[in-house]
Amino acid sequence: MRKPIIAGNWKMYKSVKESVDFAKQLNEKLKGIVDREIVIAPTFLAASSVIDALRFSNIRVATQDAHWENEGAYTSGISPAFLKELGVKFAILGHSEKRQYDNETDERVNRKLKNVLRNDLKAIVCVGETLQERESGKTENIIESQVKGCFEGIGLGDLSNIVIAYEPVWAIGTGKNATPEQANEVHAFIRGLIAKKYNAEAAGNIRLQYGGSVKPENIKQLMAQPDIDGALVGGASLKIDSFEALVKF
Ligand code: 13P
């Protein structure tokens, strides 16, 4: 059984104070929920204070990136070793906004993923095609090459610490979500890639999140799909009632 995982990616929203206030309110609303994993990814700046505010909570804290080295002359770099020390549990890697604005590549995601895992953190690895790629029938090629690049040299034993998020770029922040069937089709394809590279058991165990305009109104239908195990949510994770509804889908 794959435990559902609902994650809120707050992107560059919510100041430190707002993040802490929000996390505290969320904690009250989501107390005692153990049949699904709940993750929030605030700004790096707030990771420490949010973790303090969530002591003994069932809500886990993620960051929105992490470096491929633990230390060094990398101005502005965020070391996974430092994140580990704070109590961060997950790092989101390869988000399409990082790919678009910060020239993130599969090769870099792969190096980051290896270092995140070495530091005993879990990773949410994002993949997804653009509208143009979808319309020209290249979705599967793109997803395959992203998965291949990101998972280069990743061992079977590491898969339990990795979640893959399928986030079609055309559905992010556009209000235009993939239909549950469209999303599930790509998820099933990704599971097939994992089966081919590793084995059927690993493919059956790895958790796959969908992201892109997930809202309280559509999460139930998405989660009802056989290959969708969770959601990575941007906009709709920024309001208490909405995030509560998403977690309690
Ligand atoms: P939206 O939910 O705002 O479409 O964002 C999705 C996303 O990018 C989550 O990482």
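Order of appearance sets the numbers: ligands from 1, and atoms from 1 within every ligand. Worth saying up front: this structure is predicted, and the values here are computed from it rather than measured.
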Next on the checklist: To the nearest 0.5 Å, what is the distance between CG on N27 and CD1 on I40?
Outcome noted: 8.5 Å
Checklist outcome for this item: Near ligand 1 (heavy atom, under 4.0 angstrom), the protein residues are N9, K11, H95, E167, A171, I172, G173, G212, S213, L232, V233, G234, G235
Checklist entry - Out of Q209, H187, E129, which residue meets the side chain to side chain donor-acceptor pair (under 3.5 Å) rule with Y166? => result E129
Next on the checklist: Just verifying a value: how many Å separate N9 CG and T63 OG1, rounded to the nearest 0.5 Å?
Outcome noted: 10.5 Å
Checklist entry - If only atom types and distance count, is the side chain of D102 paired as donor or acceptor with the main-chain N or O of E104 below 3.5 Å? => result no
Checklist entry - Does a salt bridge link D158 with R118, judged by any charged N lying under 4.0 Å from a carboxylate O? => result no
Checklist entry - Is E244 salt-bridged to K248, going by a charged N under 4.0 Å from an acidic O? => result yes
